[in-house]
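This report concerns only the one structure given below.
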Amino acid sequence: MGGGPVLDLAGVSRTYPGAVPVEALKSVTFSVEPGEMVAVVGPSGSGKSTLLGLLGCLDVPTAGRLLVAGRDAGRMSDGERSRLRREFMGFVFQQFHLVPYLTARQNVETALLYRGLSKAERGRRALDALERVGLTARAHHRPSFLSGGEQQRVAIARAIVSSPQVVLADEPTGNLDSQNAAMVLDILESVSRNGTAVVLVTHDMDIAARASRRITMLDGSITSDVRAAATA
Ligand code: ADP
């Protein structure tokens, strides 16, 4: 793994075609280093989801250059982009997206399928990830027996079990009360401190204030990009 940014955007635009094309992202330039925790904020329609879709390689820029771990995601085939996503990224969603009939551990294990690992090794790594989010005691519960906060922590365990370089989180605390939201943010912070870049989209300014860096969007452009003063 080389040095340098894990995400690097130069003049990235995304226009949705149509009778009236929508310029959802307009020449956005920034990069994210390993270990950063970046909150992307902005009103509805400002381009946050579009940006997250590009960073997650679910979509490609219509102009500009997007490098993920030094590789040009805009010039890859769909298959290569899927592989990049699987190898370098973890995803956390507002609605958790856990498989209801699988236990917490089995849900986490799903992120390790097709990697040539034995079942025993998958199970061991899944338990390690659950321990990192403080859920060892819940490993054998199915999602319906877990609180919302616990379900989101399982989802984070699933996102980090493959040791990704980037975790992308879309309103990860949107369905949680403030206490559970704080716990989820603590965990995402510890994930970033271990060297994984975390990019989270939120419209909650209190949540954004917890990130080490805040990018504000309006009408498809970045209007500010502020790093918090380093705290000891
Ligand atoms: P946010 O996540 O900040 O609410 P979005 O990225 O969803 O913003 O949307 C940015 C702009 O792009 C909006 O004007 C939205 O209507 C438009 N948009 C989003 N997705 C599509 C799409 N698939 N086709 C056409 N326009 C879209």
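Every number for a ligand or one of its atoms is a count from 1 in the order of the listing.
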What are the polar N/O contacts of ligand 1 with the protein below 3.5 Å, with distances?
| residue | atom | partner | partner atom | Å |
| --- | --- | --- | --- | --- |
| ligand 1 | 2 (O) | S49 | N | 2.8 |
| ligand 1 | 2 (O) | S49 | OG | 2.5 |
| ligand 1 | 3 (O) | G45 | N | 3.4 |
| ligand 1 | 3 (O) | S46 | N | 3.1 |
| ligand 1 | 3 (O) | S46 | OG | 3.4 |
| ligand 1 | 3 (O) | G47 | N | 3.1 |
| ligand 1 | 3 (O) | K48 | N | 3.0 |
| ligand 1 | 3 (O) | K48 | NZ | 2.9 |
| ligand 1 | 4 (O) | G45 | N | 2.6 |
| ligand 1 | 6 (O) | T50 | N | 2.9 |
| ligand 1 | 6 (O) | T50 | OG1 | 2.6 |
| ligand 1 | 8 (O) | G47 | N | 3.0 |

Would you mind writing out the side-chain donor-acceptor pairs for residues 42-64 within the sub-3.5 Å range, not counting sequence neighbours?
| residue | atom | partner | partner atom | Å |
| --- | --- | --- | --- | --- |
| S46 | OG | P43 | O | 2.6 |
| K48 | NZ | G42 | O | 2.8 |
| K48 | NZ | P43 | O | 3.0 |
| T50 | OG1 | Y16 | OH | 2.8 |
| D59 | OD1 | R14 | NE | 3.3 |
| D59 | OD1 | R14 | NH2 | 3.4 |
| D59 | OD2 | R14 | NE | 2.8 |
| T62 | OG1 | S13 | O | 3.1 |
| T62 | OG1 | T15 | N | 2.9 |

dist M37:CE -> S190:OG (nearest 0.5 Å) comes out at 9.5 Å

#### Entry: Donor-acceptor side-chain pairing of T223 and T216 below 3.5 angstrom
no

Rounded to the nearest 0.5 Å, the CG atom of L188 sits from the OG1 atom of T173 at a distance of 9.0 Å

Ring pair (Phe, Tyr, Trp, His ring centres under 6.0 Å) filter on H97, not counting sequence neighbours, yields F93

Hits for salt bridge (Lys or Arg N to Asp or Glu O under 4.0 Å) against R65, two or more places apart or cross-chain, chain-then-number order -> D8

